[in-house]
2 protein chains.
Amino acid sequence: MNNRLRVLRAEHGWSQQDLADRLGVSRQSVNAIEKGRYDPSLPLAFSIADVFGLPIEAIFLRD
Amino acid sequence: MNNRLRVLRAEHGWSQQDLADRLGVSRQSVNAIEKGRYDPSLPLAFSIADVFGLPIEAIFLRD
DNA sequence: CTCTAATGTAAAGCGACCTTGTCATTATGA
DNA sequence: TCATAATGACAAGGTCGCTTTACATTAGAG
C-alpha cells in the first residue's frame, strides 16, 4: 500500500510533527506510515483524507 | 465508523461466507465488520471497495 | 562552528484486527 | 419434521497499529 503523504505534507509546508498534531497521533506514527512501515487504521486514513481535503483513494494506492 | 456492508451484500445476493471468500478473509471477520464490532484494516477496506466497485467513502462513513 | 529543528529508528507495552475452532439461534426447503 | 444454510457470538492466539521514551543523524540558521 503506497501513499503520497510525503509529497502532500511538503506541498503544505508541514513537518511530520505539524501533521501529527493535526491528526492527533504521534510524530512516530506519521513517520512510520510515510516510510511505509505500516498502513494506518481506516479511521486514521479518513482523518488524513480530511486534513488534505482529498479522497482516500487519492492518497493511498493499492501497492 | 458506520458502513453499508449489509445492504451492499444483500444487493448482490451474497452470504457473509460468499463475501468472505471474495475478500480472502474469514466469515467471522465479515460478520464483525458488518456488525460494527471493529473497523477493517485499510488494505481490507480497499479490497471491499474493489469487490463492490465503489470508492471507500461510499461504503464506510465517518460515524 | 554551534544550536536547534527535523527526521529516522528502536524497544516495550497495549489494544485492535484477523485467524481457527466451536456453539447457539434462526430461517428455509425437501 | 429433519436437515442444512445462514447468522451471531465467544475464546485463544498471532500480528499490526499506535503509544511513550529515548537516542542518533541530518540540515539549516545565525
Side-chain angles (χ1 to χ4, degrees):
Chain A
M1 186 113 282
N2 285 340
N3 72 72
R4 308 204 319 117
L5 228 56
R6 176 164 298 266
V7 177
L8 292 169
R9 188 170 58 78
E11 286 176 3
H12 288 258
W14 295 338
S15 68
Q16 292 181 347
Q17 184 65 65
D18 290 334
L19 178 55
D21 290 344
R22 288 169 191 271
L23 294 172
V25 300
S26 70
R27 177 184 67 82
Q28 285 81 351
S29 290
V30 169
N31 182 273
I33 294 166
E34 195 168 302
K35 301 288 288 182
R37 302 206 294 116
Y38 54 72
D39 298 316
S41 67
L42 186 59
L44 180 51
F46 266 92
S47 295
I48 293 170
D50 287 344
V51 162
F52 289 116
L54 293 170
I56 288 180
E57 283 86 352
I59 302 175
F60 298 94
L61 311 168
R62 298 166 181 75
D63 300 307
Chain B
M1 185 116 281
N2 286 340
N3 71 73
R4 309 204 315 119
L5 229 54
R6 176 165 296 267
V7 177
L8 292 170
R9 189 170 59 76
E11 287 177 2
H12 288 259
W14 294 338
S15 68
Q16 292 181 347
Q17 184 66 64
D18 290 334
L19 177 55
D21 291 344
R22 289 170 191 269
L23 295 172
V25 299
S26 70
R27 177 184 69 81
Q28 285 83 345
S29 289
V30 169
N31 182 273
I33 293 165
E34 195 168 302
K35 299 292 287 181
R37 301 205 289 118
Y38 54 71
D39 297 317
S41 66
L42 185 59
L44 181 51
F46 266 92
S47 295
I48 293 170
D50 287 343
V51 161
F52 289 117
L54 293 171
I56 288 179
E57 282 86 352
I59 303 174
F60 298 94
L61 310 168
R62 298 167 182 74
D63 297 304

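Here is the naming used below: chain letters follow the sequence lines, and residue numbers restart at 1 for every chain. Since this is a predicted model, take the numbers as computed values, not measurements.
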Interatomic spacing from [atom1] in [X] to [atom2] in [Y] - rounded to 0.5 Å:
| X | Y | atom1 | atom2 | result |
| --- | --- | --- | --- | --- |
| L5(B) | L19(B) | CG | CG | 6.0 Å |
| F52(B) | R4(B) | CZ | CZ | 9.5 Å |
| S41(B) | L42(A) | OG | CG | 8.5 Å |
| R62(B) | M1(B) | CZ | CE | 6.5 Å |

Please tell me if [X] has a side-chain N or O lying less than 4.0 Å from either OP1 or OP2 of [N].
| X | N | answer |
| --- | --- | --- |
| R6(B) | dG8(D) | yes |
| S41(B) | dA16(C) | no |
| N31(B) | dG8(D) | yes |

Compare the minimum distances between each of [options] and the side chain of [X], then state the nucleotide with the smallest one.
| X | options | value |
| --- | --- | --- |
| P40(A) | dT7(D), dC18(D), dC18(C) | dC18(D) |
| S15(B) | dG8(C), dC10(D), dT7(D) | dT7(D) |
| V25(B) | dC18(C), dT7(C), dT9(C) | dC18(C) |

Would you mind classifying the nucleic acid contact of [X] as base, sugar-phosphate or nothing, using non-hydrogen atoms under 4.0 angstrom?
| X | result |
| --- | --- |
| R37(A) | nothing |
| S29(B) | base |
| S26(B) | base |

[atom1] of [X] versus [atom2] of [N]: gap in Å, rounded?
| X | N | atom1 | atom2 | value |
| --- | --- | --- | --- | --- |
| M1(A) | dG17(D) | CE | P | 11 Å |
| E34(B) | dC18(C) | CD | C1' | 16 Å |
| I33(A) | dC16(D) | CD1 | P | 15 Å |
| W14(A) | dT7(C) | CH2 | C1' | 18 Å |
| Y38(A) | dA10(C) | OH | P | 13 Å |
| D39(A) | dT15(D) | CG | C1' | 13 Å |
| L19(B) | dA5(D) | CG | C1' | 17 Å |
| L42(A) | dC18(D) | CG | P | 10 Å |

Quiz item: Pick the nucleotide of DNA chain D nearest each of R9(B) and P43(B); which residue has the one closer to the 5' end?
Solution: R9(B)
Quiz item: Is there a path from W14(B) to L54(B) through hydrophobic residues (I, L, V, M, F, W, Y) whose side chains come within less than 4.5 Å of each other?
Solution: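 Result: yes, single cluster for both.
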Quiz item: Is there a donor N/O on one and an acceptor N/O on the other, under 3.5 Å, for the side chain of Q28(B) and the base of dG21(C)?
Solution: yes
Quiz prompt | Earlier contact from the 5' end, DNA chain C, for L44(B) and R27(B) | solution =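 Per heavy-atom nearest nucleotide, the more 5' residue is L44(B).
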